[in-house]
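Quick note: residue numbers are just sequence positions, from 1. First listed ligand is number 1; within each ligand, the first listed atom is number 1.
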Amino acid sequence: MSAHGPTIPMTSHPCGALTGEAEVPGDKSISHRALILGALSVGETRITGLLEGQDVLDTAKAMRAFGATVINDGPGAWTVQGVGVGGFAEPDQVIDCGNSGTGVRLIMGAMATSPIAATFTGDASLNKRPMARITDPLALFGAASHGRSGGRLPLTLVGAADPVPVRYTTPVPSAQVKSAVLLAGLNAPGQTVVIEKEATRDHTERMLEGFGAEITTDETDEGRVITLTGQPELKPQDITVPRDPSSAAFPVCAALIVPGSDVLVPGIGLNPTRAGLFYTLQEMGADLTFENMREEGGEPVADLRARYSPEMKGIAVPPERAASMIDEYPILSVVAAFAEGQTVMKGVKELRVKESDRIEAMATGLRAAGVTVEDGPDWWTVTGSPKRGNEGGVTGGVTCASHLDHRIAMSFLILGMAADQPVSVDDGGPIATSFPIFEPLMSGLGADLRRTEEVAA
Ligand SMILES: O=C(O)C1=C[C@@H](OP(=O)(O)O)[C@@H](O)[C@H](O)C1
Ligand SMILES: C=C(OP(=O)(O)O)C(=O)O
């Protein structure tokens, strides 16, 4: 059961060529940040292209609970009347962030240096995920948290009444940890400094600068040093949210493994901290090209064209690339199942603590579908083959558990499009958290997706 709806068993049948144009929704990471920084500004922020997935809708609801006025003016069009830095009111309800690690972790940071308390919870998936990685640095500002052992949700966060600035080196490569500390630093005096050894997505830094905060990033021997001057007055902005590369990954990868496919996925951000999968696929020999390269909102954007690629080879993914494709390893493992040889993915311990243990979830389903997978604490490998049908290759014919994880559900449904037999997932409901139009969009390209109670005509 997903946090916000019924269980939806789904089946993906082997399909003909996927063709056409796939306009994926707005970027989930940027959507969360636009709402939160809009709420921390004084005045009206206007947002177009907002992702209207459940994760982001939960953040919009949370911002209302903290006192901002958040209005939906039409598809993707939202306005936020903010309350200013330090202006959050104490919510009179539990903040339920559903399935969203980004939502709960960034919102905890945003309130941690205000003299208010709030209780946070989530769904069965989110309430298993580690939160000490957030409450530990927030305690350095003077915030206090009271929750379950091991620092998991539900928990109550009591914001610092007299916050102090913090200098913090992130212990794991996490943009959520970095962002929570920066957002807390907004309402602390002086300068808050975050140091990250591996570069992670930089949407928070870019957006804070866009809202008028004083923030610098320096590459040093220690790593990337990000310095924020506290207590700015953030200026409301007009924001156009770019389309999400992590959602684009699904139609792109489907086209690469379904014979005869040729799909255009327009307007995808190629921010270097987000585009690692696409370069990896090209290195595997994918027929994947960037058309109409341009800049939008200060970021590189292109139209991605993906064509069926039967000559792909397995690859050793550079571990230093992991952060720039951390959400794309599940769908990469599906492509790897159809590439000749071994794909090696190392330095990916973080996959064990996403909405699910993504290594375990994918390894279990792929093995059941006839694919060779090996794994360890922070690594896994997939040994694939381009063979189809009775020559060998991916048999399919299995039902896989999604574990309340949208990317696991979507990855197995893409597998079913190219396997010899259909692949089912026990619950496709979580797909709505990040990609609510996944079913109609993929069906429009030619996929054969069915809600399992449906019977073929
Ligand atoms: O900051 C963000 O928007 C996100 C950061 C990543 O998590 P971590 O920062 O925990 O790696 C990623 O997995 C998540 O989908 C979105
Ligand atoms: C891990 C993800 O999101 P979150 O951490 O926000 O739940 C994701 O979208 O793959």
Side-chain angles (χ1 to χ4, degrees), residues 2-3 24-37 51 53-59 62 97-110 122-134 137 153 170-183 194 196 198-208 241-242 244-250 269 271 273-274 276-277 322-332 347-359 361-362 402-411 430-436 438:
S2 62
V24 301
D27 188 283
K28 174 159 70 72
S29 295
I30 294 172
S31 294
H32 280 296
R33 288 160 171 84
L35 291 170
I36 294 169
L37 290 184
L51 167 64
Q54 193 57 55
D55 279 8
V56 175
L57 298 178
D58 286 338
T59 290
C97 290
N99 192 252
S100 179
T102 305
V104 72
R105 288 164 170 158
L106 269 61
I107 296 169
M108 284 201 284
D123 67 7
S125 161
L126 188 58
N127 288 5
K128 287 184 190 139
R129 296 173 69 180
M131 294 297 152
R133 58 175 58 186
I134 300 293
L153 300 178
T170 57
V172 292
S174 166
Q176 292 176 17
V177 173
K178 167 175 67 176
S179 300
V181 175
L182 290 172
L183 290 170
V194 179
E196 56 176 5
E198 293 172 62
T200 62
R201 63 191 72 191
D202 60 358
H203 304 308
T204 302
E205 299 93 298
R206 289 172 181 259
M207 202 173 280
L208 278 169
V241 178
D244 195 327
S246 296
S247 295
F250 294 99
N271 179 318
T273 64
R274 295 289 304 280
L277 170 75
S324 72
M325 53 184 284
I326 193 66
D327 291 343
E328 284 74 65
Y329 281 93
I331 190 58
L332 172 64
V348 288
K349 188 175 181 182
E350 279 296 291
L351 294 180
R352 300 277 186 194
V353 291
K354 297 293 180 184
E355 283 86 335
S356 67
D357 175 338
R358 288 180 164 169
I359 296 175
M362 291 309 299
S402 65
H403 301 283
L404 283 178
D405 189 327
H406 52 127
R407 301 201 194 280
I408 301 302
M410 289 188 278
S411 295
I431 295 172
T433 62
S434 70
F435 202 160
F438 174 81

(message) Between ligand 1 and Thr102, can you find any atom pair, the residue atom being a heavy atom, that is separated by under 4.0 Å?
(response) yes
(request) Starting from atom 10 (O) of ligand 2, locate the nearest protein heavy atom and write down its residue, its atom name and how far away it is, to 0.1 Å. (result) Arg407 NE, 2.7 Å
(message) Using heavy atoms and a 4.0 Å limit, tell me yes or no: is Asn99 in contact with ligand 2?
(response) yes
(message) Please determine whether any non-hydrogen atom of His406 lies less than 4.0 Å from an atom of ligand 2.
(response) yes
(request) Report yes or no: does Ser100 contribute a side-chain atom to a donor-acceptor pair with the main-chain N or O of Cys97 at less than 3.5 Å? (result) no
(request) May I ask whether Arg358 has any heavy atom positioned less than 4.0 angstrom from an atom of ligand 2? (result) yes
(message) Under 3.5 Å, is there a donor on one side chain and an acceptor on the other for Gln176 and Thr102?
(response) yes
(request) Starting from atom 15 (O) of ligand 1, locate the nearest protein heavy atom and write down its residue, its atom name and how far away it is, to 0.1 Å. (result) Asp327 OD2, 2.5 Å
(request) Could you tell me whether Asp327 approaches ligand 2 through its side chain, its backbone, both or neither, with non-hydrogen atoms closer than 4.0 Å? (result) side chain
(request) Report yes or no: does His203 have a heavy atom closer than 4.0 Å to ligand 1? (result) no
(message) If only side-chain N and O atoms count, and only distance matters, is there a donor-acceptor pair under 3.5 Å linking His203 with Ser29?
(response) no
(request) Report yes if some N/O of Glu350 lies less than 3.5 Å from some N/O of ligand 1; otherwise report no. (result) no
(request) Run the numbers for me: atoms of ligand 2, each under 4.0 Å from some heavy atom of Lys354, listed by number. (result) 1 (C)
(message) Just to check, does His32 reach to within less than 4.0 Å of ligand 1 when the distance is taken from its heavy atoms?
(response) no
(message) With the threshold set at under 4.0 angstrom, would you say Gln176 reaches ligand 2 through any of its heavy atoms?
(response) yes
(message) To check your reading of the model: name the closest protein heavy atom to atom 2 (C) of ligand 2, its residue, and the distance in Å.
(response) Glu355 OE2, 3.2 Å
(request) Could you verify whether a donor N or O on one side chain and an acceptor N or O on the other, from Ser411 and Arg358, lie under 3.5 Å apart? (result) no
(message) Between ligand 2 and Gly101, is the shortest N or O to N or O distance under 3.5 Å?
(response) yes
(request) Write out the residue and atom name of the closest protein heavy atom to atom 9 (O) of ligand 2, then the distance separating them to 0.1 Å. (result) Lys28 NZ, 2.7 Å
(message) For atom 6 (C) of ligand 1, what's the nearest protein heavy-atom neighbour? Residue, atom name and distance, please.
(response) Gln176 NE2, 3.7 Å
(message) Check this for me, if you would: do Asp327 and Lys28 make a salt bridge, where the nitrogen-to-carboxylate-oxygen distance has to be below 4.0 angstrom?
(response) no
(request) Provide the closest heavy-atom pair for Glu355 versus Leu404 in the form atom of the first, atom of the second, distance. (result) CB-O, 4.1 Å
(message) Can you tell me which portion of Glu350 lies within the under-4.0 Å heavy-atom range of ligand 2? Options are side chain, backbone, both, or neither.
(response) neither
(request) Could you check atom 1 (O) of ligand 1 against the protein and tell me its nearest heavy-atom contact, residue, atom and distance included? (result) Arg33 NH2, 2.7 Å
(message) If we ignore hydrogens and angles and just use 3.5 Å, is the side chain of Ser31 paired with the main-chain N or O of Leu51 as donor and acceptor?
(response) yes
(request) Using a strict cut-off of 4.0 Å, indicate which atoms of ligand 2 neighbour a heavy atom of Thr102. (result) 4 (P), 5 (O), 6 (O)
(request) Around atom 11 (O) of ligand 1, find the nearest protein heavy atom and jot down its residue, atom name and distance. (result) Lys354 NZ, 3.0 Å
(request) Identify the protein heavy atom lying closest to atom 3 (O) of ligand 1, giving its residue, its atom name and the separation to 0.1 Å. (result) Ser29 OG, 2.7 Å
(request) Answer with side chain, backbone, both or neither: which part of Arg105 has a heavy atom less than 4.0 angstrom from an atom of ligand 2? (result) neither
